[in-house]
Every structure is written in C-alpha cells, then in structure tokens.
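Only this structure's heavy atoms are used, side chains among them; waters, hydrogens and symmetry mates stay out. A, B, ... follow the sequence lines: proteins, then strands. Residue 1 opens every chain. Since we're looking at a predicted model, the values are computed, not measured.
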Amino acid sequence: MKKIINVTINNKPCELAVESNQTLADLLRYDFGLTGTKKGCDTGDCGACTVILDGDTVNSCLVLAVQADGSMVETIEGLSNEDGLHPLQKAFVEKGAIQCGFCSPGMIMSAKNLLDKNDNPSDWEIKEGISGNLCRCTGYQKIFEAISSQCSKPNSDINPNINQGGPHGKI
Amino acid sequence: MLLPKFEFHEPASIQEAIELKKKYRTDARLLAGGTDLLVHLKKKLITTDHVISLLRIKDLGQIKNNKESVEIGACVTMARLSESKVIQENFCAIKAGADNLGTHLIRNRATLGGNVCNASPAADTICSLIVYQAHALLESTDGKRELPIESFFMSPGKTDIRDNEILTGFKLSIPGKNCGAHYIQLGKRKSSEINIVNVASFIQFDPSDQTIMNSRIALGSVAATPIRSFHAEKILQNKKASESLFYEAGEAARHKDCKPIDDFRGTADYRKAMIGVLTKRTLDAAFKQVQAQ
C-alpha cells in the first residue's frame, strides 16, 4: 500500500507516494534520479549510501522512505551550486582523494556533516568521522588529507599514525 | 536487496502502539532504528506482515532526569546517549558502549531499546545496563511491568517480552558518590565490529576506609546471554582496592564465571584470557574515577 510523504530533498520540498518497503536510497536513486547516492552493500556496512537526514548522517539503505516523511534530506547533488563545486569536493579533487569514485559521495557527506558540527576536528575525530565509509581502492590517507585541509586550522603536520587510540572504551 | 512487502504502521503514542501490538502479536515486528531489523528483512532471515515503527512516539525518544533516577526511552539513539550530559556524568560505562557501537552512521539510528531487544550476548550496551542494575519498562494493554535487566535475557535473540508487550524504556538509579564504572570492548578493529569479548564493571567504596562495599561485573560474548561474574565480585567484597586485587578478580572471572565457545572471532581460551585482562582494566578505570572525585 502506498503512502503519501512530504520530504525536502536538497532544499526542494516534494510530495509523493511511496511503497512501505521502499528505502530512502531507492527513493533518491529511482524516483528522483539522484544517483550520486550509491548502493554498495545495502546492509549498512559500507556507507556508500550516506546522506544527511535532519542534520545527521545515516545509511539511506537502512531508512525507509516513509520514515523520511517531514524530513530534510541532503545528498551529494545538493553540495555544488552555480559557483561550482563545494570546497570539500574541490579538496577531494585537489588532494587526489578519489580513485574509482564509488565511495566519494558517501565519504564527502560524512566529512561535510563532521565539519558542519565541528569546524576544527582533531586527526582522531576525522578518522572516526569517516569510519562508517569504506574505500576499497584504499585511498584513506588522501581522503584524510583532503578533509584535514578543510578544517578551520588545517594541521600541516599530518600524523599518518592510523592506529592512534580513541578516547573511550577502546584498547 | 529488496525488502519484502509489509504493511507499515506509524503510531503516534504508546497507547496506539500497544493496541497495534495486541492486534497483530507475532505477525508484527517493532521498528526502532532499523539497523538490525531492515538488514534481517533484506537478507530474508525473518519475515513479517506488519512493521510498527516506534520513532514517531515522542515519549520513547527522551531521557528524563528525575534527580534520583533516570529514564531512558527505548528509542534514544546511541548518538543521543553519547551526547547526553546526564549519561556522561552518571553512566559513563553506558556512554563508552554507545560511543563504540557500529559506526557513526549506525549510531545515529541505532537505539538502546533495539540493542537490548536483539539480545545479542555481544551487545555493546547490555553489560553496562546490568552493572547499573537497570530495569526494563514494559507496557501492554494489560498494564505496565518492570523487569530487572539481568533477568530479561533468555538466550541469544530471545528476551522475556510477551507477544503483546512493548519495551518503552529503562529506569536507572543514579549512582551516588564513591562509585565508579567502566566498559571496555575488544574487537579485531575499532569500528563496525562485533565484540570478541566485552566487560563492564561497577564499584562502590566505603568513604571511611576505602574498602569496596559493592561491586558488579558483567561479561559479554562468553555465554548465551551477558552474565554477571559473581566469583570476581566476591573477591572484591570488603577489600581495599589494589592492582593485585583487581588482577585476582579478573582471574576469577576468567576461570570460574565464563563459558565461552570457539568461533571464527576467537577461541574460547583467548576469550577467557581477555576476560581476565578486561575485568582488571575496567576495575582499574572505575577505581581511578572514584579517586578523581
């Protein structure tokens, strides 16, 4: 049975009917043609489908379209404007943080949300912030450098020690 | 992966939700964060005709501070738990679990009620809830029920919830002064991992002579449900805190209280050895908290 929902996608309000078993990822890709949101694992492991839902990053493959009723959704397509790419997108290009590109939209949405909430994250916070996004071309270091370059006080001395510990409950 | 078809219900109040649950009973599944339910439905591990989403019920998404106790709604997400001041100040072992569950994307959706109802022996929040002696709040059309969290779990994936009941939240007494607690999980990597073992410890000191008045230790991933380590607790009772005492408690937990299995995540012997280490470390951390007060 279809249900009518109202959802704002990249600042454009829309009203449409969705099936109860349709995910937000499918809604974006198939109903709106926003194929920048990728489907990798479809089970919340890879983060390729990351979008920002009401200010928080989510795996859009694990959100039902009906649950987005009344919500604001931001996808990778909403980042650029008439002046060109978002600074974070530019940084990814400049730092070579893109290889095959499949993880990039999710990676950039996670990074954007991280920087929206905290414009000067520590090295650890950057790594933690993209820990839900897998890159199978193994380009994490350049992705890290691209995000780091967009901090309000970029850290020139980038610490490559990926194993530095977190603050709580880890050994 | 396609989700199977189901009828979707979105009640706006607990009353509406329990009436739906009474009507459909086992034909309905409750949806909170969806980070487990939707995966299981996609993989066809479970089927259901009705999905009842609890996310629109405002009461279930709140953390209420009643001064002496705290009520955490079943639909409070891990991210909200981590940010909550009352949780940070009084229940740091719960925060440590919430900080580490899955990835930040999962933590923005996954709920405390969902983590508990999945009843995984490796769950990241259950050991901490046990050491804080949380009570699960259940509600049905027959009325309300409160269950100590320790007796809530039957076996992996099975809890003591009745077919017509909904878990609405948890009630926890705020620990007084001279109490400390900590939780540590061990996985092969830091993110998106299912624990090899996990331990939560809680200790309460007598302020007059610094002996341990009370302690509770909970072990995860070493039995069919998270379990208490009574032998380790007995060793701590009425003793002065010291590193060697905590080591002794860890060894008791390792040899007397846990019954792990071998699987692809780790061998039983490795799990036992790590229970010893983590028990000691969580006790150390809990003791340091008390000293810093």
Residue pair A:Glu128, B:Arg107: steps toward the salt bridge (charged side-chain N to carboxylate O under 4.0 Å, His left out) verdict: CA-CA 12 Å; A:Glu128 182 68 32; B:Arg107 292 194 287 275; 2.7 Å; yes
Let me know if [X] has heavy atoms under 4.5 Å from chain A in its side chain, its backbone, both or neither.
X	answer
B:Leu41	neither
B:Ser53	side chain
B:Ile106	both

Under 6.0 Å from the [atom1] atom of [X], do we count more than 12 heavy atoms belonging to anything else shown?
X	atom1	result
B:Glu89	CD	yes
B:Arg265	CZ	yes
B:Ile14	CD1	yes
B:Lys5	NZ	no
A:Asn11	CG	no
A:Phe102	CZ	yes
A:Lys3	NZ	yes

Rounded distance (nearest 0.5 Å) linking atom [atom1] of [X] with atom [atom2] of [Y]:
X	Y	atom1	atom2	result
A:Asn133	B:Leu105	CG	CG	5.5 Å
A:Leu64	B:Leu38	CG	CG	5.0 Å
B:Leu2	A:Glu19	CG	CD	11.0 Å
A:Asp45	B:Thr103	CG	OG1	8.5 Å

Student check: side-chain heavy atoms of [X] and [Y] closer than 4.5 Å:
X	Y	value
A:Thr43	B:Lys43	yes
B:Leu3	A:Thr23	yes
B:Lys42	A:Cys61	yes

- Task: In plain terms, say whether A:Lys117 and B:Glu83 are close enough for a salt bridge, that is, a side-chain N and a carboxylate O under 4.0 Å apart.
- Result: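 No salt bridge links A:Lys117 with B:Glu83.
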Quick one: closest heavy-atom pair of [X] and [Y], and the distance?
X	Y	answer
A:Cys41	B:Met1	O-CE, 3.4 Å
B:Glu10	A:Val66	OE2-O, 4.2 Å
B:Ala32	A:Gln67	O-NE2, 4.1 Å
B:His104	A:Gly129	NE2-O, 2.6 Å
A:Ser20	B:Phe6	OG-O, 2.7 Å

Comparing A:Leu114, A:Asp26, A:Asn59 against chain B, the one with the most heavy-atom pairs below 4.5 Å turns out to be A:Asn59
- Query: Taking A:Val58, A:Thr50, A:Leu62 one by one, which has the highest count of heavy-atom pairs under 4.5 Å against chain B?
  - Reply: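 Highest number of pairs under 4.5 Å: A:Leu62.
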| What part of A:Leu53 gets closer than 4.5 Å to chain B, counting heavy atoms only: side chain, backbone, both or neither? |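 For A:Leu53, the contact with chain B is made by the side chain alone.
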Applying a strict 4.5 Å limit to non-hydrogen atoms, the region of A:Asp69 in contact with chain B is both
Can you check whether A:Thr57's main-chain N or O pairs, donor with acceptor, with B:Asn108's side chain at less than 3.5 Å?
-> yes
